[in-house]
Number of protein chains: 2
Amino acid sequence: MEKQTVTIYDVAREAGVSMATVSRVVNENQNVKETTKKKVLEVIERLDYRPNAVARGLASKRTTTVGVIIPDVTNLYFSSLARGIDDIAAMYKYNIILANSDQSTHQEVKVLNNLLSKQVDGIIYMGTTITDELYKEMLRSKTPVVLAGTMDQLHEIPSVNIDYKTATEEATDLIVSNGHKQVAFITGTLKNTSFNDLRLKGYRESLEKVDITFNEKNVYEIPLTYQAGEHVVDKLLAKGYTAAVVVDDEVAVGMINSLADHGVKVPEEFEVITSNNSKLTKLTRPCLSSIAPPLYDIGAVSMRLLTKIMHKEEIFDNEITLPYRIEKRQSTK
Amino acid sequence: MEKQTVTIYDVAREAGVSMATVSRVVNENQNVKETTKKKVLEVIERLDYRPNAVARGLASKRTTTVGVIIPDVTNLYFSSLARGIDDIAAMYKYNIILANSDQSTHQEVKVLNNLLSKQVDGIIYMGTTITDELYKEMLRSKTPVVLAGTMDQLHEIPSVNIDYKTATEEATDLIVSNGHKQVAFITGTLKNTSFNDLRLKGYRESLEKVDITFNEKNVYEIPLTYQAGEHVVDKLLAKGYTAAVVVDDEVAVGMINSLADHGVKVPEEFEVITSNNSKLTKLTRPCLSSIAPPLYDIGAVSMRLLTKIMHKEEIFDNEITLPYRIEKRQSTK
DNA sequence: GTGAAAGCGCTAACAG
DNA sequence: CTGTTAGCGCTTTCAC
């Protein structure tokens, strides 16, 4: 399968210069006379020469490729980040190797090693939980890693996030200020996630400000799926809850639809606020109120941070916290 | 930035064999004695040797990487295909370089050439339109290309699709059988797309079966966005339409929400059927009836087809047509 | 069953 | 400003 036919050597011969000169022209090195440069470019054009990035990668030890580990491209939260990542990557002439991890540790470690063997210049990791095994591998890696929309417990790996605790606190404030006493907190797993821990803390502190005692019974750890959202509503209604703070949009959509199916009016009889402000929040009726993290920007800034690390530029802060908004829509009063 | 420290040479030395033998072990070549194999594997483990895929790619001219051109990862239709592609790719030990094209020809040609320079072993293209310029580049490429969920006018490039014409015909049948006379057809651009052409034909033939004269005025070419869906509803209502066949789910969601906002009851006063059966169709209230192409499978089969071409296996059919269903939900009677 | 040696196409000193 | 010369780490004949 001869993909490449014309090499730098062919160009050099045709143009009557050395490979080194061609290389210089291709890499936009200044030290080339205008006339020879023109000549070389002409030959490149004529021969339709395309530099072989693999050879280049081997010789220079830089592949201009970064690995992106994503739980599932089909999840709007992550794909929104991915879009920001890719745009900035393209701007800096990097390509992206996208790998779905399904959030399974085994997969993730495999994927990480696979990416490293491909000699990516950097890695962006997305996902809600970081197990010890994966964490160790990341720390061990000489290839820089940036966490997008997630963080490690010890805050050793550069990351880009919002202030989850305060955001969740504000979101909960919005609800308790309407007088609710039974407010459920719907979350994914609380294992290995400093991320959901922070949210839980925000929820808790909000309640305590209005003298509602925090009770673990009000915390529901469920799978982050539409169906799980539908199901949890049955329980919530049976137990008399009148509001919920939700960490995932798909879950929240499931809940809001299920509430409608139960004939429960939102927001009059039940209030819901969710956390990611993905497209979905605007597609439901009523529209979902939500914490609004700058999804695209989290991805974009992560990639930008990674380029800085890869280029050994000075970094002022390894842990970037982006601002968020609270979008009040129709699922809260 | 020394990413790689231990090389095949180190392993060879430690194990007291030649590089060639190590290479054979790594590549699972049969011609190695069980005992030397064991010895080599032990050293690999001990040294934590990881083959350098870039060097391997240069030497073997195979990168086990495929390029995937996607208009926007954030679009559920395309990301669902992408998920199928990645899963099958992983199964065959390929990685994916994902590139967002924004469906802009200029971008696409650039991206394609970029992918080729990275020496990908194959390319999967997603997108609704294929301009002549891009088409030429694809045909010229010695690297195999497969079209996922789209097709070229001349059917020269291998592709995986459903029968858009018949599917749209059936979808329209469903609506006209309920007696509607004014049925709009909401589509994206009709330029450079054998794809939407086929759908239009299906729509047209369905109408003609019940003696409704096809009229171009009923065809609305709009951007495929939620907002455009909302806006087009104003026009449709003003002109007295009572039903619409829509080619894109986001548009359909915009329409259904806008209809609700106008106080128009769906499906009683207005019926809508859409085309992609993405997650979105189940999240709206009422749920959207839809043509249901096997999204994940279109991606998966495309990738499988590509592996066959890359491995020079025998191909029985370059143009694969997968079966679809019609999902009747609540937006049609 | 194993080793030696010749590249793959390019970059990166180092001379000049 | 330009050319020469080593590799980068691996696969792949071709011998033995």
Side-chain angles (χ1 to χ4, degrees), chain A residues 1-41 43-44 47-65 93 116-121 142, chain B residues 1-41 43-44 47-65 93 116-121 142:
Chain A
M1 193 187 300
E2 356 70 66
K3 295 166 193 163
Q4 181 84 17
T5 30
V6 18
T7 74
I8 198 173
Y9 188 75
D10 300 323
V11 177
R13 189 170 20 74
E14 281 291 306
V17 298
S18 73
M19 301 165 51
T21 302
V22 179
S23 177
R24 287 191 188 97
V25 172
V26 169
N27 293 298
E28 289 168 340
N29 186 314
Q30 296 308 308
N31 300 336
V32 184
K33 217 197 311 178
E34 214 28 62
T35 51
T36 54
K37 181 172 169 183
K38 216 150 242 158
K39 193 171 54 183
V40 171
L41 284 175
V43 176
I44 287 179
L47 264 45
D48 193 28
Y49 166 70
R50 210 186 276 113
N52 180 326
V54 174
R56 199 186 265 197
L58 184 58
S60 68
K61 299 185 168 308
R62 299 181 56 253
T63 54
T64 60
T65 301
K93 313 277 185 208
L116 292 175
S117 88
K118 291 253 164 153
Q119 312 300 114
V120 294
D121 296 336
K142 287 167 194 152
Chain B
M1 193 187 299
E2 357 70 65
K3 294 165 194 163
Q4 182 85 17
T5 30
V6 19
T7 74
I8 197 173
Y9 188 75
D10 300 324
V11 177
R13 189 170 20 72
E14 281 292 306
V17 299
S18 73
M19 303 166 48
T21 301
V22 179
S23 175
R24 287 191 188 97
V25 172
V26 170
N27 293 299
E28 290 169 338
N29 186 316
Q30 296 308 308
N31 299 337
V32 184
K33 221 197 308 178
E34 220 17 71
T35 52
T36 55
K37 182 172 167 182
K38 215 150 241 155
K39 192 171 54 182
V40 171
L41 284 175
V43 176
I44 287 180
L47 264 47
D48 193 28
Y49 166 71
R50 212 186 275 114
N52 180 325
V54 173
R56 200 188 268 205
L58 183 58
S60 68
K61 300 185 167 310
R62 300 181 55 252
T63 55
T64 59
T65 301
K93 313 276 186 208
L116 292 176
S117 89
K118 290 252 163 153
Q119 311 302 115
V120 294
D121 296 336
K142 287 167 195 151

**Item:** Phosphate OP1/OP2 of D:dG9: any A:Lys61 side-chain N/O under 4.0 Å
**Value:** yes
**Residue list, side chain to side chain donor-acceptor pair (under 3.5 Å) with B:Thr64, at least two apart or on another chain** = A:Lys118
**Asked** Of all residues at least two apart in sequence or in a different chain, which pass the side chain to side chain donor-acceptor pair (under 3.5 Å) check with A:Ser60?
**Response** none
**Asked** A:Asn27: what forms a side chain to side chain donor-acceptor pair (under 3.5 Å) with it, not counting sequence neighbours?
**Response** A:Ser23
**Prompt:** Between the two ends of the helix from C:dG1-D:dC16 to C:dG16-D:dC1, what is the bend in degrees, rounded to 10 degrees, where each end axis spans five pairs?
**Reply:** 30°
**Asked** Of all the nucleotides listed (C:dG9, D:dT11, D:dG9), which has the minimum atom distance to the side chain of A:Ala55?
**Response** C:dG9
**Prompt:** Can you check the B:Asn29 CG to D:dT11 C1' distance for me, whole Å?
**Reply:** 11 Å
**Prompt:** If you look only at pairs with a residue in residues 14-23 of chain A, which of them pass as a salt bridge (charged side-chain N to carboxylate O under 4.0 Å, His left out), with sequence neighbours excluded?
**Reply:** A:Glu14-A:Arg46
**Request:** Go through D:dC8, D:dC10, C:dC8 for me and flag the one nearest to the A:Ala59 side chain.
**Result:** D:dC8
**Asked** Where is the tightest heavy-atom contact between A:Leu47 and A:Val6, given as atom of each residue plus distance?
**Response** O-CG1, 3.5 Å
**Message:** Without decimals, in angstroms, what is the distance between A:Asn27 CG and C:dT11 P?
**Reply:** 5 Å
**Request:** Rounded to the nearest angstrom, tell me the gap between atom CZ in A:Arg13 and atom C1' in D:dT2.
**Result:** 19 Å
**Message:** Rounded to whole Å, please give me the gap between CD1 in B:Ile44 and P in D:dG9.
**Reply:** 16 Å
**Request:** Please determine if a side-chain N or O atom of B:Arg56 lies less than 4.0 Å away from the OP1 or OP2 oxygen of D:dG9.
**Result:** no
Dump every N/O contact between nucleotides 1-4 of chain C and the protein below 3.5 Å, one line per pair.
unit_1 : atom_1 : unit_2  : atom_2 : d
C:dT2  : OP1    : B:Thr36 : OG1    : 3.3
C:dT2  : OP2    : B:Lys33 : N      : 2.7
C:dT2  : OP2    : B:Thr36 : OG1    : 3.0
C:dG3  : OP2    : B:Ser18 : N      : 2.9
C:dG3  : OP2    : B:Ser18 : OG     : 3.2
C:dG3  : OP2    : B:Thr21 : OG1    : 2.6
C:dG3  : N7     : B:Arg24 : NH1    : 3.4
C:dG3  : O6     : B:Arg24 : NH2    : 2.5

**Item:** Within residues 16-36 of chain B or reaching into it, pairs that qualify as salt bridge (charged side-chain N to carboxylate O under 4.0 Å, His left out) - sequence neighbours excluded
**Value:** none
**Prompt:** With respect to the side chain of B:Asn52, which nucleotide from D:dC10, D:dG7, D:dT11 is positioned closest?
**Reply:** D:dC10
**Fill in**
Picking from C:dC10, D:dT11, D:dC10, the nucleotide nearest the side-chain atoms of B:Ser23 would be D:dT11
**Asked** Between the side chain of A:Thr63 and the main-chain N/O of A:Gln119, is any donor-acceptor distance below 3.5 Å?
**Response** yes
**Partner residues of A:Asp48 under the side chain to side chain donor-acceptor pair (under 3.5 Å) criterion, sequence neighbours left out** = B:Arg140
**Request:** For A:Ala59, enumerate each residue passing the side chain to side chain contact (heavy atoms under 4.5 Å, CB included) test, keeping only those at least two apart in sequence or located in another chain.
**Result:** none
**Request:** Output yes when at least one side-chain N/O atom of B:Tyr9 is less than 4.0 Å from OP1 or OP2 of D:dT11, else no.
**Result:** no
